[in-house]
Amino acid sequence: MKSVRRFLSSSPIWNVKGLAIVRIIIGMLLIYHGQEVFNSELMKGYEEWETFKGPMAKLMVYAGKSSELLAGISLFLGLFTRVGCVLMIGTFSYITFMIGHGKFWYEDQHPFMFLLFGVLFIFTGPGAWSLDGIFFKEVE
């Protein structure tokens, strides 16, 4: 009965390690999406999108995919986590509000959720099992 009450309470359960698990999974997903930067045929296809037409198409597409890859590595390792989150927030804000025209409630939920995870980890930090925790001891 006590475990049921704890589960239903507002107290966190395994919050630091739980955050770390979510951070690592989000990092892996971003690495998966960002590794497309090494597929020139796929990147050429992105350059053809109406949103990217113009002289800066190649730069924008490669900058976006590179940001996804770097943010993913950062989150996966828990190294410079908040810097990775800033990359994540910037990239997925652009995808959600410029490419997707802000339709995050219906069409562009996926990039908007990555944006929200970036905001979450800005506020919470990386949680357990992070290189930030090793290299940058708690600062107050």
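- Taking both residues in full, the closest heavy atoms of Gly78 and Pro126 are given as CA-CB, 4.4 Å, listed atom of the first, atom of the second, then distance.
- In the hydrophobic clustering of ILVMFWY residues, with side-chain heavy atoms under 4.5 Å counting as a link, Met28 and Leu87 come out apart.
- Of all non-hydrogen atoms in Gly84 and Ala71, the two that sit nearest each other are O-CB, 3.4 Å.
- Counting heavy atoms from C-beta outward, Ile25 and Phe76 have side chains that stay 4.5 Å or more apart.
- Of the possible donor and acceptor atoms, none in the side chain of Arg23 sits under 3.5 Å from a partner among the backbone N and O of Phe117.
- Under a 3.5 Å cut-off, the side chain of Ser9 and the backbone N or O of Arg6 do form a donor-acceptor pair.
- Considering only heavy atoms from C-beta on, Leu131 stays 4.5 Å or farther from Thr81 through its side chain.
- Two different hydrophobic clusters hold Met113 and Ile24 under the rule that ILVMFWY side chains link at heavy-atom gaps under 4.5 Å.
- Using modelled atom types, no side-chain atom of Ser74 and backbone atom of Leu70 make a donor-acceptor pair closer than 3.5 Å.
- The CG atom of Leu115 lies 10.5 Å from the SG atom of Cys85; values are rounded to the nearest 0.5 Å.
- The two residues Ala20 and Ala128 come nearest to each other via the heavy atoms CB-O, 3.2 Å.
- No side-chain heavy atom of Ile31 sits under 4.5 Å from any side-chain heavy atom of Glu68.
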| query | Which is it for Leu29 and Phe114 under the side-chain contact (heavy atoms from CB on, under 4.5 Å) test, yes or no, and what are the steps along the way? | reply | CA-CA 10 Å; Leu29 290 169; Phe114 277 124; 4.0 Å; yes
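- Inter-residue side-chain proximity for Glu47 and Tyr62 is flagged as met; some heavy-atom pair is nearer than 4.5 Å.
- Side-chain atoms of Thr96 come within 3.5 Å of backbone N or O of Phe92 as a donor-acceptor pair.
- Using a 4.5 Å cut-off between side-chain heavy atoms of Ile, Leu, Val, Met, Phe, Trp and Tyr, with links allowed through other members, Ile134 and Val16 fall into different hydrophobic clusters.
- Look at Glu36 and Lys65 and you find a salt bridge, because one of the NZ, NE, NH1 or NH2 atoms lies within 4.0 Å of a carboxylate O, short of that distance.
- Taking the side chain as every heavy atom from C-beta outward, Leu69 and Phe38 approach each other to under 4.5 Å.
- Considering all non-hydrogen atoms of both residues, Leu75 and Gly27 come closest at CB-CA, 3.9 Å.
- Between Tyr46 and Val61, the shortest heavy-atom distance links the atoms CB-CG1, 3.7 Å.
- The structure places CZ of Arg82 at 11.0 Å from CD1 of Ile89, a figure rounded to the nearest 0.5 Å.
- Gly127 approaches Ser130 most closely through the heavy-atom pair O-OG, 3.8 Å.
- Judged purely by atom type and a 3.5 angstrom limit, Gln35 uses its side chain to pair as donor or acceptor with the backbone of Tyr32.
- A 4.5 Å side-chain heavy-atom check between Lys17 and Trp129 finds at least one atom pair inside the cut-off.
- Residues Phe121 and Leu19 meet the side-chain proximity criterion, which asks for heavy atoms closer than 4.5 Å.
- A single hydrophobic cluster is seen to contain both Tyr94 and Trp49, as judged by linkage of ILVMFWY side chains at heavy-atom distances under 4.5 Å, directly or through other members.
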| task | Assess whether ring pair (Phe, Tyr, Trp, His ring centres under 6.0 Å) is satisfied between His101 and Phe97, documenting all intermediate values. | result | CA-CA 5 Å; His101 307 291; Phe97 297 106; over 10 Å; no
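- Taking the centre of each ring, Phe136 and Phe80 come in below the 6.0 Å mark.
- Ion pair Glu48/Lys53 flagged as a salt bridge, since at least one NZ, NE, NH1 or NH2 atom sits closer than 4.0 Å to an Asp/Glu carboxylate oxygen.
- Counting heavy atoms from C-beta outward, Leu30 and Met88 have side chains that approach closer than 4.5 Å.
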